[in-house]
Amino acid sequence: MATQRVLPQSKETLLQNYNKRLKDDIRSILDNFTEIIKTAKVEEETQVSRATQAEQDHYEMHVRAANIVRAGESLMKLVSDLKQFLILNDFPSVNEAISLRNQQLRTLQEECDKKLISLRDEIAIDLYELEEEYYSSSCGQWDGVELPLCEAFHRQDSWGSPEMTSDPSRANPEDSDNLGSQESMQRHLNSHGSSTSEQS
């Protein structure tokens with residue numbers, strides 16, 4: 001069984017005040033309503049005339065009705081004060097709500113982490129398969145040297161571009177050097193063959 005919390009003296013006094021206000025307002029509503037019912041009763045002849053008695057009863061009903069309204073407004077104010085008291089002083093309930101919210105957020109975080117880890121593993125597997133496919137094909141070979149994926153596709157795109165095919169001045173300098181060396185070697189071989197034929 002849960003033990004009752006011991007409130008400080010100020011809070012205990014405040015709660016007693018709330019309890020007193022509640023009892024006073026309810027008693028006021030009950031007493032005034034009872035007197036209004038009694039006033040509605042038609043009495044026998046008295047020393048005052050019926051018109052004067054009716055006017056007096058009418059005025060008394062208005063006053064007692066106003067008292068009932070005032071007591072009702074006081075009860076509404078009491079409800080507002082009680083809500084404020086609970087919000088400001090009910091720390092166990094506030095801590096419980098905070099703990100519950102933290103638990104929900106932690107559960108959501110764990111689910112997000114699991115999904116992210118699963119997505120990371122799937123991406124890693126796909127990338128591994130793509131790299132295996134790339135390096136096993138001819139696209140990944142360039143003069144016997146394995147090139148990175150981006151460099152190989154960059155050079156492949158440069159081959160097929162219309163600028164490179166239409167404008168020979170934009171050719172690769174390395175290709176121009178290779179062509180020049182091949183031409184010089186061919187001229188050297190031709191000159192060597194002609195000198196041999198002359199000596200014979």
Side-chain angles (χ1 to χ4, degrees), residues 1-134 148-151 153-154:
M1 184 175 180
T3 59
Q4 186 176 3
R5 292 187 297 117
V6 179
L7 297 175
Q9 187 65 29
S10 59
K11 294 181 181 179
E12 186 69 27
T13 304
L14 186 60
L15 290 177
Q16 290 177 1
N17 185 21
Y18 289 159
N19 193 13
K20 183 177 181 301
R21 285 171 54 185
L22 176 63
K23 291 180 179 179
D24 292 342
D25 292 335
I26 292 177
R27 187 182 300 111
S28 176
I29 293 175
L30 181 60
D31 292 344
N32 285 279
F33 185 76
T34 304
E35 292 299 326
I36 289 175
I37 298 299
K38 289 180 180 179
T39 306
K41 181 180 178 181
V42 178
E43 297 181 356
E44 299 295 333
E45 292 291 337
T46 58
Q47 296 179 357
V48 296
S49 62
R50 286 184 176 276
T52 305
Q53 186 67 35
E55 191 66 26
Q56 180 181 352
D57 294 342
H58 181 71
Y59 178 74
E60 184 179 357
M61 286 182 180
H62 275 284
V63 173
R64 294 192 179 279
N67 291 336
I68 293 175
V69 172
R70 183 200 58 77
E73 292 177 350
S74 179
L75 287 175
M76 294 178 65
K77 180 66 169 57
L78 178 61
V79 171
S80 177
D81 292 341
L82 286 173
K83 289 181 179 179
Q84 185 177 1
F85 176 82
L86 288 176
I87 292 173
L88 297 177
N89 297 284
D90 192 9
F91 294 108
S93 298
V94 174
N95 293 333
E96 184 179 358
I98 293 175
S99 301
L100 181 61
R101 183 59 178 167
N102 287 335
Q103 185 178 1
Q104 292 176 353
L105 292 176
R106 287 195 187 97
T107 304
L108 181 61
Q109 180 183 2
E110 291 176 357
E111 292 178 358
C112 292
D113 291 340
K114 290 179 182 179
K115 291 181 180 179
L116 288 174
I117 292 173
S118 176
L119 182 61
R120 182 198 63 185
D121 295 339
E122 292 178 0
I123 293 175
I125 294 173
D126 293 339
L127 284 176
Y128 179 77
E129 293 178 355
L130 287 173
E131 288 179 355
E132 287 291 329
E133 181 68 22
Y134 161 70
L149 189 61
C150 59
E151 181 67 20
F153 279 103
H154 176 69

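By convention here, the first residue in the shown sequence is residue 1.
With contacts defined as side-chain heavy-atom distances shorter than 4.5 Å, the pair Lys38/Glu35 qualifies. Between Leu116 and Arg120 there is no side-chain heavy-atom pair separated by less than 4.5 Å. You'll find the side chain of Leu22 stays beyond 4.5 Å of the side chain of Tyr18, heavy atoms only. In this structure, the side chains of Gln104 and Thr107 stay at 4.5 Å or more apart for every pair of heavy atoms.
Ser74 contributes no side-chain N or O that, together with a main-chain N or O of Arg70, makes up a donor-acceptor pair within less than 3.5 Å. At distances below 3.5 Å, at least one donor-acceptor pair connects side-chain atoms of Asn102 with backbone N or O atoms of Ile98.
The CG atom of Asp113 lies 13.0 Å from the CZ atom of Arg106; values are rounded to the nearest 0.5 Å. Of the inter-residue distances, the one linking Thr52 atom OG1 with Gln56 atom CD reads 8.5 Å to the nearest 0.5 angstrom. One distance of note links NE2 of His62 with NE2 of His58; it measures 3.0 Å at 0.5 Å rounding. Of the inter-residue distances, the one linking Leu105 atom CG with Leu100 atom CG reads 9.5 Å to the nearest 0.5 angstrom.
Pairs engaging residues 91-102 under the salt bridge (Lys or Arg N to Asp or Glu O under 4.0 Å) rule: none recorded [sequence neighbours left out]. Sorted by first and then second residue, the salt bridge (Lys or Arg N to Asp or Glu O under 4.0 Å) pairs with a member in residues 18-30 read Lys20-Asp24, Arg21-Asp81, Asp24-Arg27; sequence neighbours excluded.
Summarising the local packing, CD of Gln103 is surrounded by 12 or fewer heavy atoms from other residues, nucleotides or ligands at distances under 6.0 Å.
Across every non-hydrogen atom of Phe85 and Leu15, the tightest pair is CE2-CD2, 3.6 Å. Taking both residues in full, the closest heavy atoms of Asn32 and Ile68 are given as CB-CG1, 3.6 Å, listed atom of the first, atom of the second, then distance. Residues Arg64 and Ile36 approach most closely at CB-CG1, 3.7 Å, considering heavy atoms.
Residues satisfying the side chain to side chain contact (heavy atoms under 4.5 Å, CB included) criterion with Leu108, sequence neighbours excluded, are Glu111, Cys112.
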